[in-house]
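Here is the structure we will look at, set down as structure tokens.
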Amino acid sequence: MTNQQDTPAEDGAVEHIGPTHSGFVALIGPTNAGKSTLVNRLVGAKVSIVSHKVQTTRAIVRGIAIHNNAQIVFMDTPGIFKPRRRLDRAMVTSAWGGAKDADLIMLLIDSERGLRGDAEAILEGLKDVSQPKILVLNKIDRVRREDLLALAAAANEKIAFEQTFMISAENGSGCDDVMDYLAKTLPEGPWYYPEDQISDLPMRQLAAEITREKLFLRLHQELPYSSHVETEKWEERKDGSVRIEQVIYVERDSQKKIALGKGGETIKAISTASRKELSEILEQPVHLFLFVKVRENWGDDPERFREMGLDFPH
């Protein structure tokens with residue numbers, strides 16, 4: 001790789017002194033450890049949806065960040081847990097597949113929960129993965145320092161981590177240290193994506209994910225995981241606005257009633273919240289139309305899995 005001069009390029013972009021670095025970093029960890037929040041923080045924009053409900057991320061979402069001379073492609077993987085349903089199996093398989101495809105693995109642990117439950121099983125699974133690994137302890141603002149040090153020591157006893165970081169994805173504490181480390185550790189090479197690209201998720205899919213997030217935030221108590229959102233129509237209009245039609249699939253009539261709400265007030269609130277965020281992301285007016293359809297056992301439909309970017313497990 002030849003060195004680049006720090007001078008304006010013909011298109012106005014600034015080129016960089018020295019060799020460029022690039023690579024893929026898989027974020028893995030138990031459900032609700034804060035992976036999506038951290039990816040959004042490190043990328044500096046929302047590329048992955050966040051809710052308090054576990055297993056919100058279903059397929060790998062790639063968020064792209066530039067730091068110093070490096071382009072870092074974060075792979076936000078589904079949380080790893082003990083699968084019960086077909087969809088669970090597809091998500092966990094996707095997460096481990098992402099880890100094995102990466103240049104470096106970042107294990108994110110919730111400092112409050114420590115190594116209990118799924119974290120212990122993930123550490124065992126990582127023993128079979130050859131890529132270099134770093135440990136990131138999240139939510140450190142909620143835990144005493146001596147407990148953090150004990151947690152770091154316990155995890156490092158099980159796996160030889162290259163480095164351990166202590167951060168808060170929520171307030172950004174410690175995140176610059178992670179970025180500095182990744183920028184200098186990833187291999188030398190050209191960047192994979194244009195400089196201004198922050199995700200490889202098609203806009204139609206991101207729009208569906210944002211509506212799914214609003215659905216989860218509004219109905220996380222009442223509606224189980226039996227819901228899925230697809231963008232069916234996307235029409236750029238002459239007045240500069242965009243018309244988007246989306247379908248929320250549920251498995252039963254009772255779930256459809258919950259999603260619609262009394263007098264349609266729930267679906268209206270979800271639509272308003274989603275439309276507002278989509279308008280900000282797209283920087284243009286959005287006309288959003290949501291429909292709720294019952295499709296029994298959509299969780300056994302290979303086509304729905306393809307829409308989500310998951311392999312259908314047989």
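Here the closest heavy-atom approach between residue Ile167 and residue Cys175 is recorded as CG2-N, 4.1 Å. Contact record, Asp118 with Pro30: CB-CB, 4.1 Å, taken as the closest heavy-atom pair. Taking all atoms of both residues into account, the shortest heavy-atom contact from Pro194 to Gln71 is O-NE2, 3.9 Å. The minimum heavy-atom distance linking Ala102 with Met75 is given by the pair CB-SD, 4.2 Å.
Of the charged side-chain nitrogens involved, none lies within less than 4.0 Å of a carboxylate oxygen, so that Asp253 and Lys256 do not count as a salt-bridged pair. With salt bridges taken as basic N to acidic carboxylate O contacts below 4.0 Å, one links Glu245 and Arg243.
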Give the C-alpha distance, both sets of side-chain angles, the deciding distance and a yes or no for salt bridge (Lys or Arg N to Asp or Glu O under 4.0 Å) between Glu112 and Lys139. CA-CA 7 Å; Glu112 283 188 299; Lys139 306 181 186 177; 5.3 Å; no
Could you go step by step and tell me if Ile258 and Thr266 meet the side-chain contact (heavy atoms from CB on, under 4.5 Å) rule? CA-CA 8 Å; Ile258 291 168; Thr266 303; over 6 Å; no
Between Leu104 and Gln131, is a side-chain contact (heavy atoms from CB on, under 4.5 Å) present by the stated rule, with each step listed? CA-CA 6 Å; Leu104 185 144; Gln131 279 86 338; over 6 Å; no
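Counting only heavy atoms from C-beta outward, the side chains of Phe165 and Ile134 approach each other to under 4.5 Å. Ile28 places a side-chain heavy atom less than 4.5 Å from the side chain of Leu126. Using a 4.5 Å heavy-atom threshold, the side chains of Leu38 and Leu108 count as touching. The side-chain heavy atoms of Thr211 and Leu290, taken from C-beta on, include a pair separated by under 4.5 Å. At a threshold of 4.5 Å between non-hydrogen side-chain atoms, the residues His67 and Ile72 count as touching. Looking at heavy atoms from C-beta onward, Ile109 lies in side-chain contact with Leu135 at the 4.5 angstrom threshold. The shortest side-chain heavy-atom distance between Ile64 and Val43 does not fall under the 4.5 Å cut-off. Side-chain contact between Met166 and Leu149 is present, with heavy atoms from C-beta onward closer than 4.5 Å.
Remark: Lys238 engages no residue in a salt bridge (Lys or Arg N to Asp or Glu O under 4.0 Å) (not counting sequence neighbours). The salt bridge (Lys or Arg N to Asp or Glu O under 4.0 Å) search around Asp141 returns none, not counting sequence neighbours. Shown here are the ring-ring contact (aromatic ring centres under 6.0 Å, His included) partners of Tyr192, two or more places apart in sequence or in another chain: Phe24.
Judged purely by atom type and a 3.5 angstrom limit, Gln197 has no side-chain atom pairing as donor or acceptor with the backbone of Tyr193. In this structure a side-chain-to-backbone donor-acceptor pair under 3.5 Å is missing from His228 to Tyr249. Of the possible polar contacts, none joining the Arg237 side chain to the Val242 backbone as a donor-acceptor pair under 3.5 Å is found. The backbone N or O of Val294 sits nowhere less than 3.5 Å from a side-chain atom of Gln255 that would complete a donor-acceptor pair. Counting only distance, with no hydrogens or angles, the side chain of Lys184 and the backbone of Leu182 share no donor-acceptor pair below 3.5 Å. In terms of modelled atom types and a separation under 3.5 Å, the side chain of Ser111 and the main chain of Asn138 share a donor-acceptor contact. Put simply, the side chain of Arg218 never gets that close to the backbone of Ile270: no donor and acceptor are under 3.5 Å apart. Looking at Thr185, its side chain does come within 3.5 Å of a backbone N or O of Tyr181 through a donor-acceptor pair. Using a distance-only test at 3.5 Å, with no hydrogens or angles considered, no donor-acceptor pair links the side chain of Asn68 to the main chain of Ala70. A donor-acceptor pair under 3.5 Å is absent between the side-chain atoms of Trp234 and the main chain of Met203, judged by distance alone.
The 12-atom threshold is exceeded at NZ of Lys127, counting heavy atoms of other residues, nucleotides or ligands nearer than 6.0 Å. Counting non-hydrogen atoms of neighbouring residues, nucleotides and ligands closer than 6.0 angstrom, the CG atom of Asp177 exceeds 12 such neighbours.
The stretch residues 267-282 participates, sequence neighbours left out, in these salt bridge (charged side-chain N to carboxylate O under 4.0 Å, His left out) pairs: Lys46-Glu277, Lys214-Glu277, Lys276-Glu280. Within the structure, side-chain hydrogen bond (donor to acceptor under 3.5 Å, both in side chains) contacts touching residues 149-163 (residues at least two apart or in different chains) are Glu120-Lys158, Asn156-Thr164.
Neither side chain, Ser168 nor Ser173, offers a donor N or O lying under 3.5 Å from an acceptor on the other.
Here Leu107 contributes atom CG and Leu27 contributes atom CG; the two are 9.0 Å apart, rounded to the nearest 0.5 Å. Note that the CH2 atom of Trp191 and the OG1 atom of Thr20 stand 7.0 Å from one another [nearest 0.5 Å]. Summarising the geometry, atom CD belonging to Glu209 is positioned 9.0 Å from atom OG belonging to Ser36; distances are rounded to the nearest 0.5 Å. From Ile210, atom CD1 reaches atom OG1 of Thr231 across 10.0 Å, with rounding to the nearest 0.5 Å. Taking OG of Ser274 as the start and CD1 of Ile244 as the end, the distance is 7.5 Å to the nearest 0.5 Å. The structure places CD of Glu232 at 8.5 Å from CZ of Arg204, a figure rounded to the nearest 0.5 Å.
For the pair Arg212 and Phe216, the cation sits on the ring face: its NZ or CZ lies under 6.0 Å from the ring centre, inside 45° of the axis.
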Run the side-chain donor-acceptor check on residues 281-288: report pairs under 3.5 Å with partners two or more places apart or on a different chain.
unit_1, atom_1, unit_2, atom_2, d
Gln284, NE2, Glu236, OE1, 3.2
Gln284, NE2, Gly240, O, 2.9
His287, NE2, Ser241, OG, 3.2

